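First the structure, in the form of structure tokens, and then the observations on it.
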Amino acid sequence: KEVDRLQWKHVDMEFKKDGVSFVKITVPVGKTRDGAPRELIAQHSVRQSLARLHRHTSPSSPEAYVFAMPDGRPVTGLSEMFRNALEEADMRFAPNGQPRTRYSVRHSFATRMIAEYGMDAQRLAHHMGSSPQMINQHYYHGDASRDAEVFAGEDAYSEELQEFIN
């Protein structure tokens, strides 16, 4: 899995665009068909967690794994740790009764980016190392009612159209 191989050299905590700081992560080998590296921008809330992790682990070099054992080896058993954390938080199962997994986080992220931020399948697929077809098939849960504002157009446009029609 991509996160298991993530090293500190892949994390740029100081990436800036238009004067705003972002966390940019270069995924060296991923799910993409060509195996090429891809860049992604982490949500702002991830910065604090990564900074705390960096302070806690005190990596000896940029080659050090982000998720590492005390001796520097990559952490194994992340899925089990994730499951245990969910059980501790009494969140092991989703409302539909299905057990949550590490993949559930990916699903939640993709669904949220589409539903709350209107991210299109092409850009989201690139960010996630997937294809637009997979994004639409697995993560898009839209309906005409939820997207009514999008389909109806801007309010100003709708008023202009109404005036034109009348």
Side-chain angles (χ1 to χ4, degrees), residues 1-117 119-141:
K1 302 201 173 163
E2 295 169 345
V3 72
D4 298 338
R5 296 183 304 271
L6 192 63
Q7 296 171 300
W8 285 108
K9 68 181 180 181
H10 302 130
V11 179
D12 180 357
M13 300 279 279
E14 303 302 323
F15 175 72
K16 290 195 186 323
K17 179 182 176 194
D18 300 329
V20 178
S21 293
F22 296 91
V23 175
K24 180 170 71 172
I25 299 172
T26 302
V27 180
V29 178
K31 298 177 71 155
T32 55
R33 290 185 188 157
D34 62 4
R38 74 179 195 286
E39 294 179 342
L40 59 90
I41 301 297
Q43 293 192 336
H44 288 297
S45 59
V46 171
R47 176 186 300 281
Q48 185 177 359
S49 297
L50 284 172
R52 189 172 43 244
L53 186 59
H54 193 271
R55 281 192 309 274
H56 178 72
T57 59
S58 302
S60 57
S61 80
E63 303 289 323
Y65 289 98
V66 173
F67 302 101
M69 302 297 287
D71 66 1
R73 289 179 298 122
V75 170
T76 57
L78 281 174
S79 293
E80 184 179 345
M81 285 186 253
F82 184 76
R83 184 175 52 251
N84 291 341
L86 288 174
E87 286 174 2
E88 184 81 20
D90 198 26
M91 295 176 59
R92 176 73 174 105
F93 296 94
N96 65 4
Q98 293 292 318
R100 289 188 170 105
T101 65
R102 287 170 56 189
Y103 195 81
S104 302
V105 176
R106 178 182 174 88
H107 184 87
S108 295
F109 171 79
T111 302
R112 184 174 180 211
M113 292 304 291
I114 293 167
E116 293 181 28
Y117 299 106
M119 178 75 67
D120 64 86
Q122 182 70 37
R123 289 190 306 160
L124 188 57
H126 177 76
H127 186 81
M128 295 179 66
S130 188
S131 70
Q133 295 80 10
M134 291 296 289
I135 296 296
N136 285 325
Q137 182 179 354
H138 294 284
Y139 305 120
Y140 182 75
H141 306 297

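The model shown is predicted, which means the values in this text are computed figures rather than measured ones.
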Item to check | Shortest non-hydrogen contact between Ala51 and Met13, atoms and distance | outcome: N-CE, 3.8 Å
Checklist outcome for this item: CD (Glu88) and CG (Leu86) are apart, to the nearest 0.5 Å, by 10.5 Å
Item to check | Ser130/Arg106 under side chain to side chain contact (heavy atoms under 4.5 Å, CB included): CA gap, chis, key distance, verdict | outcome: CA-CA 11 Å; Ser130 188; Arg106 178 182 174 88; 3.9 Å; yes
Checklist entry - So do the side chains of Arg112 and His107 get within less than 4.5 Å of each other, counting heavy atoms only? => result no
Item to check | Val75 side chain near Asp4 side chain, heavy-atom distance below 4.5 Å | outcome: no
Checklist entry - Which pair of non-hydrogen atoms, one from Val11 and one from Leu50, has the smallest distance, and what is that distance? => result CG1-CD1, 4.0 Å
Checklist entry - What's the verdict on side chain to side chain contact (heavy atoms under 4.5 Å, CB included) for Leu53 and Trp8, showing C-alpha distance, side-chain angles and the deciding distance? => result CA-CA 11 Å; Leu53 186 59; Trp8 285 108; 4.3 Å; yes
Checklist entry - Which class fits the ring pair Phe22 and Phe15: parallel under 30°, tilted 30 to 60°, perpendicular over 60°? => result tilted
Checklist entry - Are any side-chain N or O atoms of Arg100 and backbone N or O atoms of Phe93, one a donor and one an acceptor, separated by less than 3.5 Å? => result yes
Checklist entry - Do the side chain of Gln7 and the main chain of Ala64 share a donor and acceptor less than 3.5 angstrom apart? => result no
Next on the checklist: Using 0.5 Å steps for rounding, measure from the OG1 atom of Thr57 to the NE2 atom of His54.
Outcome noted: 6.5 Å
Checklist entry - Would you say the side-chain atoms of Arg5 pair up with the backbone N or O of Pro74, donor to acceptor, closer than 3.5 Å? => result no
Checklist entry - Does His127 offer a backbone N or O that forms a donor-acceptor pair with the side chain of Arg38 under 3.5 Å? => result yes
Next on the checklist: With a sphere of 6.0 Å drawn around CE of Met91, does it hold more than 12 non-hydrogen atoms of other residues, nucleotides or ligands?
Outcome noted: no
Next on the checklist: Holding to salt bridge (Lys or Arg N to Asp or Glu O under 4.0 Å), I want the full list of residues that pass it with Arg47, two or more places apart in sequence or in another chain.
Outcome noted: none
Next on the checklist: Just verifying a value: how many Å separate Met119 CE and Ile135 CD1, rounded to the nearest 0.5 Å?
Outcome noted: 10.0 Å
Next on the checklist: Working note: Asp12 + Val23, criterion side chain to side chain contact (heavy atoms under 4.5 Å, CB included); need CA distance, chi angles, decisive distance, verdict.
Outcome noted: CA-CA 6 Å; Asp12 180 357; Val23 175; over 6 Å; no
Checklist entry - Would one find more than 12 heavy atoms of other residues, nucleotides or ligands at under 6.0 Å from atom NZ of Lys16? => result yes
Next on the checklist: In the structure I gave you, are the side-chain heavy atoms of Val3 and Arg102 within less than 4.5 Å of one another anywhere?
Outcome noted: yes
Checklist outcome for this item: So OG1 of Thr111 and CG of Leu124: to nearest 0.5 Å the spacing works out to 9.0 Å
Item to check | Residue pair His44 / Ser21: nearest heavy atoms and the distance that separates them | outcome: CE1-O, 3.5 Å
Next on the checklist: Counting neighbours of CD on Gln48 that are heavy atoms of other residues, nucleotides or ligands and sit closer than 6.0 Å, is the number greater than 12?
Outcome noted: no
Next on the checklist: Checking the side chain of Thr101 only, and the main-chain atoms of Tyr103 only, is there a donor and an acceptor separated by less than 3.5 Å?
Outcome noted: yes
Next on the checklist: Let me confirm one number: the CZ-OG distance from Phe82 to Ser104, rounded to the nearest 0.5 Å.
Outcome noted: 6.0 Å
Checklist entry - Which pair of heavy atoms, one from Pro132 and one from Ala125, lies closest together, and at what distance? => result N-CB, 3.5 Å
Item to check | Flag side-chain contact, heavy atom, 4.5 Å: Leu6 against Tyr65 | outcome: no
Next on the checklist: Once rounded to the nearest 0.5 Å, what's the spacing between atom CD of Glu39 and atom NZ of Lys24?
Outcome noted: 4.0 Å
Checklist entry - Given side chains that start at C-beta, do those of Met128 and Tyr139 come closer than 4.5 Å, heavy atoms only? => result yes
